[in-house]
Amino acid sequence: MTRCAEAITVFALAIGAQYPIIHLGRSWLFFWLIPYPSERGIWPNFRSPLVWDFFAISTYLTGSLTFLLLPIIPDWAMVRDRATGLRKRIYTVLALGWRGTPREWHRLEVAMRIMAVTILPVAVSVHTIVSWDFAMAPVPMWHSTVFGPYFVAGAIFSGIAALIIAMALVRKALHLEEYLKPLHFDNLGKLLLVMSLLWIYFIFAERLTVWYGNQPAEMAAFWSIQRGKFAVLFWTMICCNFLIPFPILAIKKLRTIAGTVIASSTIVVGMWLERFLIVVPPLEHKYLPYDWGSYRPTWVEITITVGTFMGMILLYVLFAKFVPIISIWELKGGQHAKPIAEQANATVNLAAQRLDSTLPSTSS
Amino acid sequence: MAHRWGMVVDLDRCTGCEACVAACHAENNIATVGADQAARGRTMHWIHVERYWEGEFPNIRARFQPVLCQQCDAAPCEPVCPTYASYHNSEGLNAQVYNRCIGTRYCANACPYTVRYFNWFNPAWDKPLQLQLNPDVSVREVGVMEKCTFCNQRILAGEIKAKAANRELQDGEVKPACVQSCPPTAMVFGDLNDPNSQVSRMSRSVRATTLLAEVGTLPKVTYLERESSHGDE
């Protein structure tokens, strides 16, 4: 399950990180955000939230990738030991010479413990800093103190939803019914329920504060969202993120695999709408009414958006094809692998034998 | 003493003729984008005249307000630029270094006055319009931001001329294209560090206001509010 989730993080981040670069006027110069002694004789501007963003995203990507790849090493080693031909050569490289000695198991465990603790503050910081890209600019509706926690909650919310969908698909496609049980979906559903409540609380708090503040510049953007041309999108978002998933997730009978997948699907749509409503209406309604505009996407923008959606799916499918999507050694060692190396080693061998036939990536 | 360039716009005098807009385009080699792109809000008028209607029909009156970069002392566009393309120069101007700009467009989002413009395309001029390009102003390439410079090229030329003649720059000697071309002389440009300059004296007027003062940007463009209130013309 961790691996299902971490793969989503890494691929979503890898694709998401391309967007600021796609968005640049001179994309080929994106590396000017990196502080290095350049011929231009100038550092990046550390006051700019975009520079913070650059560091936050690269740190998070490095951390997530490490967190994803470290525990795959024993699994790849297992595949290496059982494969032949070209496949063996590839997995030999990927396994990084893993032999399964006690010292290796010990180091892996220490590393995983460190990573599990470090990745949390990094995750919080990256979503906060992304929100600060908005909040640090004096744009009506963006310049808000609630944006940091709001974005962190939104990221966890949509992340769990994506995870539930991915798990259900992987479960069906790779016949992992034995390993991804309804209980998993039930528990994730409860977490999703909590996040849905937290999300509706945040959006209520944000909207009410703006409404009572009654700043003319903010109210223009506010009303365009609440009852102007964005109202349909706004209320669709409320339905998708709260009104539909809340009863499904709150009623125990409905919190089945199918139920959580339906709730997650509406949430993923709703959270995309949320981002759209954060970006577009405030920029259309900045301070001077003369400059108010109307945004409509070009075919280039639509193509890029669809392309990255498809890219995400492609990366995930390829990952599930070439990597054991459920960690074999962790599964057989129990949820928390025993620190005793021999035991873990034996577990791996046992698990490998049992699972060899169930994993299409290692057989066929 | 260093200069601190500022401007005063007398809204009582502005007729909304947009001569300033045309002069600015000609002086600063600003490309036009065509009707389709203009409909997407991609025009690049460094100065534009905002027209608002005051009152209800038939008691209605147009209000013309030329808006250009306010050259803020606390400019929101400056701290957000990751590459220092947008920075504060020694004479208080919000300078834009085109060669440093990578086109994040963050400055355009941060600017409350919406006076920073993005080059969606490489600039092009229909023949023979390329012959009227100003050799003192660089042409901007696709992907960079551009904005009003207070006609920095004219300021520099004036300073060089004064230095060559071994004298101080006179008040009113340097005029940006918009100021020079304004038929009713609604705009005045000068050094705010000189308490006796015309721009300093006018900016101390009781009618003096700044645009969006509540945002706290400390603009160096001052607007003189209209004296004749609505309906008693």
Side-chain angles (χ1 to χ4, degrees), chain A residues 19-35 38 40-55 132-140 142-143 215-218 279-280 282-298 300-301, chain B residues 36-43 45 48-53 63-65 67 72 74-87 97-115 118-121 140-146 211-212 214-217:
Chain A
Y19 266 95
I21 298 174
I22 293 170
H23 180 87
L24 283 185
R26 301 202 288 172
S27 315
W28 54 95
L29 297 177
F30 78 94
F31 62 90
W32 284 7
L33 263 67
I34 302 170
S38 70
R40 287 168 289 124
I42 197 168
W43 291 98
N45 179 3
F46 288 104
R47 294 178 304 165
S48 168
L50 275 179
V51 173
W52 313 343
D53 204 23
F54 178 78
F55 287 111
W132 285 350
D133 281 342
F134 296 92
M136 296 300 159
V139 175
W142 282 7
H143 194 50
Q215 305 275 332
E218 286 198 320
V279 175
V280 177
L283 286 182
E284 282 192 1
H285 298 88
K286 283 172 76 175
Y287 295 89
L288 300 172
Y290 179 88
D291 301 312
W292 288 358
S294 188
Y295 169 78
R296 60 206 154 89
T298 62
V300 178
E301 288 162 310
Chain B
D36 288 348
Q37 296 301 320
R40 289 190 179 275
R42 292 175 178 178
T43 52
H45 309 307
H48 57 264
V49 180
E50 304 199 349
R51 187 192 65 190
Y52 296 106
W53 295 106
R63 170 198 170 89
F64 296 108
Q65 179 152 9
V67 175
C72 311
C77 56
E78 287 168 5
V80 299
C81 177
T83 55
Y84 288 109
S86 170
Y87 85 110
V97 184
Y98 307 124
N99 286 337
R100 285 179 190 168
C101 179
I102 60 173
T104 68
R105 290 181 267 162
Y106 201 172
C107 55
N109 282 351
C111 175
Y113 307 99
T114 329
V115 288
F118 181 67
N119 280 279
W120 289 91
F121 305 96
R140 284 76 55 185
E141 74 165 307
V142 63
V144 304
M145 299 297 303
E146 60 179 58
L211 195 54
L212 300 177
E214 70 275 15
V215 187
T217 53

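- Ring geometry for B:His48 versus A:Tyr290: interplanar angle under 30°, hence parallel rather than tilted (30 to 60°).
- Between A:Leu24 and B:Thr104, the closest side-chain pair of non-hydrogen atoms falls below 4.5 Å.
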Salt bridge (charged side-chain N to carboxylate O under 4.0 Å, His left out) between B:Glu78 and A:Arg47, intermediate numbers included: CA-CA 9 Å; B:Glu78 287 168 5; A:Arg47 294 178 304 165; 5.8 Å; no
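- Proximity to chain A (any heavy atom under 4.5 Å) is shown, for B:Gln65, by neither the backbone nor the side chain.
- To the nearest 0.5 Å, atoms CH2 (B:Trp120) and OG1 (A:Thr298) are separated by 8.0 Å.
- Within a 6.0 Å radius of CZ in B:Arg51, no more than 12 heavy atoms belonging to other residues, nucleotides or ligands are found.
- In this structure, the portion of A:Trp132 lying under 4.5 Å from any heavy atom of chain B is its backbone and not its side chain.
- Contact check for A:Leu283 versus B:Asn109: side-chain heavy atoms found under the 4.5 Å cut-off.
- The most heavy-atom pairs under 4.5 Å with chain A, out of B:Leu211, B:Asn99, B:Val142, B:Asn119, come from B:Asn99.
- Side chain of A:Arg26 to backbone of B:Cys101: a donor-acceptor contact under 3.5 angstrom is found.
- Between chain A and the options B:Gly143, B:Gly103, B:Ala110, B:Pro82, heavy-atom pairs under 4.5 Å are most frequent for B:Pro82.
- In this structure, B:Tyr113 and A:Asp291 approach most closely via the heavy-atom pair O-OD2, 3.5 Å.
- A distance-only check finds a donor-acceptor pair linking the side chain of B:Tyr106 to the backbone of A:Asp133 [under 3.5 Å].
- Neither the backbone nor the side chain of A:Pro20 comes within contact range of chain B, judged by heavy atoms closer than 4.5 Å.
- When each of B:Gly41, B:Pro76, B:Cys81 is scored by its heavy-atom pairs under 4.5 Å with chain A, the top score falls to B:Cys81.
- Interface check for chain A: of the options B:Val67, B:Thr217, B:Val49, the most heavy-atom pairs under 4.5 Å are formed by B:Val49.
- Of the two parts of A:Trp52, neither the backbone nor the side chain holds a non-hydrogen atom closer than 4.5 Å to a non-hydrogen atom of chain B.
- A donor-acceptor pair under 3.5 Å is formed between the side chain of B:Arg105 and the backbone N or O of A:His23.
- For B:Ile102, the parts lying under 4.5 angstrom from a heavy atom of chain A are both the backbone and the side chain.
- Both the backbone and the side chain of A:Leu288 have a heavy atom closer than 4.5 Å to some heavy atom of chain B.
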